[in-house]
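Taking it in order: structure first as structure tokens, then the write-up.
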Amino acid sequence: VVMAPGGAGGGYDATARLPFEAMAADGIFSDGATFTNKGGAGGTIGLTEFAGANQGNDNAVMSMGVIMVGGILLNSSAVTLDDVTPLVRLTNDTGVIAVAPDSSIQSIDDLVAAMKADVGAVSISGGSAGGVDHIVMALLAKEIGLDPSKINYIPYDSGAESVTAVGGGAVMVAVSGVSEFKPMADAGRIKIIAVTSEGRVDGIDAPSLTEAGLPIVVGNWRGIVGAPGMSDAGKAMWLDRFTKMHDGQAWKDILAKQGWEDAFLAGDDFVAFLGTEKERTAAVLKDLGLIQ
């Protein structure tokens with residue numbers, strides 16, 4: 001049983017299905033799997049259903065990611081990631097900050113100066129309120145001494161809509177992931193002025209925020225968790241499968257095709273990472289006034 005807590009064709013759906021394609025191709029796991037999609041409320045509807053139906057089931061896993069970490073807080077979900085068994089972080093999509101090619105803002109320094117001059121005058125488009133794009137700009141505001149709740153953030157349903165808004169001058173700045181924005185930048189529709197990874201990203205001529213003196217690293221990462229109460233043997237079995245998959249060629253090909261960064265973290269390392277992400281996300285959402 002594999003739950004994707006998002007709609008068909010989305011990021012959670014791909015994170016649920018493609019690892020099983022890779023495992024089948026490399027002969028690691030070929031017993032077949034049943035996939036279920038259940039989107040809504042930042043992934044918490046799927047999480048609640050998954051946790052409720054699969055107590056102690058060693059053969060049930062679910063895709064998830066940073067959006068769910070925030071979704072749990074924003075929706076005051078009764079079921080949280082403490083109720084499931086973290087297995088692996090698989091991929092990451094580095095954030096990018098972009099402007100129209102002819103914008104008065106041509107660099108990250110220009111953006112900082114404009115925000116400091118009048119934070120409300122700088123309109124910013126991105127994904128859902130409290131999501132990873134919003135968090136990038138909240139951390140940036142805080143880093144330069146501004147109140148994150150004062151940023152002029154306008155959520156859009158998709159990166160494509162965001163690009164249209166920034167290209168047409170409806171907003172000044174757009175935030176999304178590399179996989180979504182790099183093709184648009186390559187086509188000359190937007191100009192990327194910064195990336196949210198620690199260092200630079202291949203093929204993008206823009207500094208990281210860290211390089212620009214703003215030590216902020218944020219990514220739209222995704223991974224897999226197991227059922228609540230999964231046995232130690234069940235957990236070891238899945239960690240072995242995912243580790244073998246990560247080392248195999250089929251997964252490398254999928255990463256390249258999807259434009260995903262390899263962000264593999266397994267077992268206890270992933271649990272520790274998840275703990276820090278929960279703390280940081282809660283702090284930012286409080287700063288934004290989105291949670292108490």
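Without hydrogens or angle criteria, Lys244 side chain to Leu239 main chain gives no donor-acceptor distance under 3.5 Å. A donor-acceptor pair under 3.5 Å links the side-chain atoms of Ser107 to the main chain of Asp110, judged by distance alone. Remark: the backbone N or O of Met184 is not paired with any side-chain donor or acceptor of Arg189 at under 3.5 angstrom. Listed for the Asp83 side chain is a donor-acceptor partner under 3.5 Å among the backbone atoms of Thr80. Put simply, the side chain of Asp147 gets close to the backbone of Ser149: a donor and an acceptor are under 3.5 Å apart. No donor-acceptor distance shorter than 3.5 angstrom exists from the side chain of Glu211 to the backbone of Arg200, with no hydrogens or angles considered. A donor-acceptor pair under 3.5 Å is formed between the side chain of Trp238 and the backbone N or O of Asp58. At distances below 3.5 Å, at least one donor-acceptor pair connects side-chain atoms of Asp262 with backbone N or O atoms of Phe264. Under the 3.5 Å distance criterion, the side-chain polar atoms of Asp93 are left unmatched by any main-chain donor or acceptor of Asn220. Looking at Ser63, its side chain never comes within 3.5 Å of a backbone N or O of Ala4 through a donor-acceptor pair.
Arg17 has a carboxylate O that lies under 4.0 Å from a charged side-chain N of Asp13, or vice versa, which qualifies the two as a salt bridge. Remark: Lys191 does not engage Asp102 in a salt bridge, criterion side-chain N to carboxylate O under 4.0 Å.
No more than 12 heavy atoms of other residues, nucleotides or ligands shown are found within 6.0 angstrom of CG on Asp157. Asp118 CG: more than 12 foreign heavy atoms inside a 6.0 Å radius. Within a 6.0 Å radius of CD in Gln292, no more than 12 heavy atoms belonging to other residues, nucleotides or ligands are found. Annotation for Gln106: atom CD counts as buried by contact number, over 12 foreign heavy atoms lying within 6.0 Å.
Hydrophobic clustering (side-chain heavy atoms under 4.5 Å, transitive across Ile, Leu, Val, Met, Phe, Trp, Tyr) keeps Trp260 apart from Val195. By the criterion of side-chain heavy atoms lying less than 4.5 angstrom apart, applied directly or through intervening Ile, Leu, Val, Met, Phe, Trp or Tyr residues, Val136 is grouped together with Leu73 in one hydrophobic cluster. Using a 4.5 Å cut-off between side-chain heavy atoms of Ile, Leu, Val, Met, Phe, Trp and Tyr, with links allowed through other members, Tyr12 and Val88 fall into different hydrophobic clusters. In the hydrophobic clustering of ILVMFWY residues, with side-chain heavy atoms under 4.5 Å counting as a link, Tyr156 and Ile151 come out apart. No continuous path of hydrophobic side-chain contacts links Val2 to Met62 [ILVMFWY only; heavy atoms under 4.5 Å].
With 3.5 Å as the limit, one finds no donor-acceptor pair spanning the side chains of Gln258 and Ser179.
Contact annotation: the side chain of Met64 never approaches that of Val84 to less than 4.5 Å [non-hydrogen atoms, C-beta and beyond]. No side-chain heavy atom of Glu198 sits under 4.5 Å from any side-chain heavy atom of Ser208. Contact of the Val166 side chain with the Val173 side chain is not registered, since no non-hydrogen atoms from C-beta on lie closer than 4.5 Å. Side-chain contact between Val284 and Pro148: absent, with no pair of heavy atoms (C-beta onward) separated by less than 4.5 Å. No side-chain heavy atom of Asn152 sits less than 4.5 Å from a side-chain heavy atom of Met137. A heavy-atom distance below 4.5 Å is found between the side chains of Met115 and Leu140.
Residues Thr196 and Leu209 come closest through the heavy atom pair CG2-CD1, 4.1 Å. The shortest heavy-atom contact between Phe273 and Leu265 is CB-CD1, 3.7 Å. Here the closest heavy-atom approach between residue Ile192 and residue Ala206 is recorded as O-CB, 3.5 Å.
If you take CG on Asn92 and CG on Leu255, they are separated by 11.5 Å, rounding to the nearest 0.5 Å. Here CZ of Phe50 is found 10.0 Å from OG1 of Thr36. Values are rounded to the nearest 0.5 Å. Distance CD1/Ile67 to CH2/Trp221: 10.0 Å, rounded to 0.5 Å.
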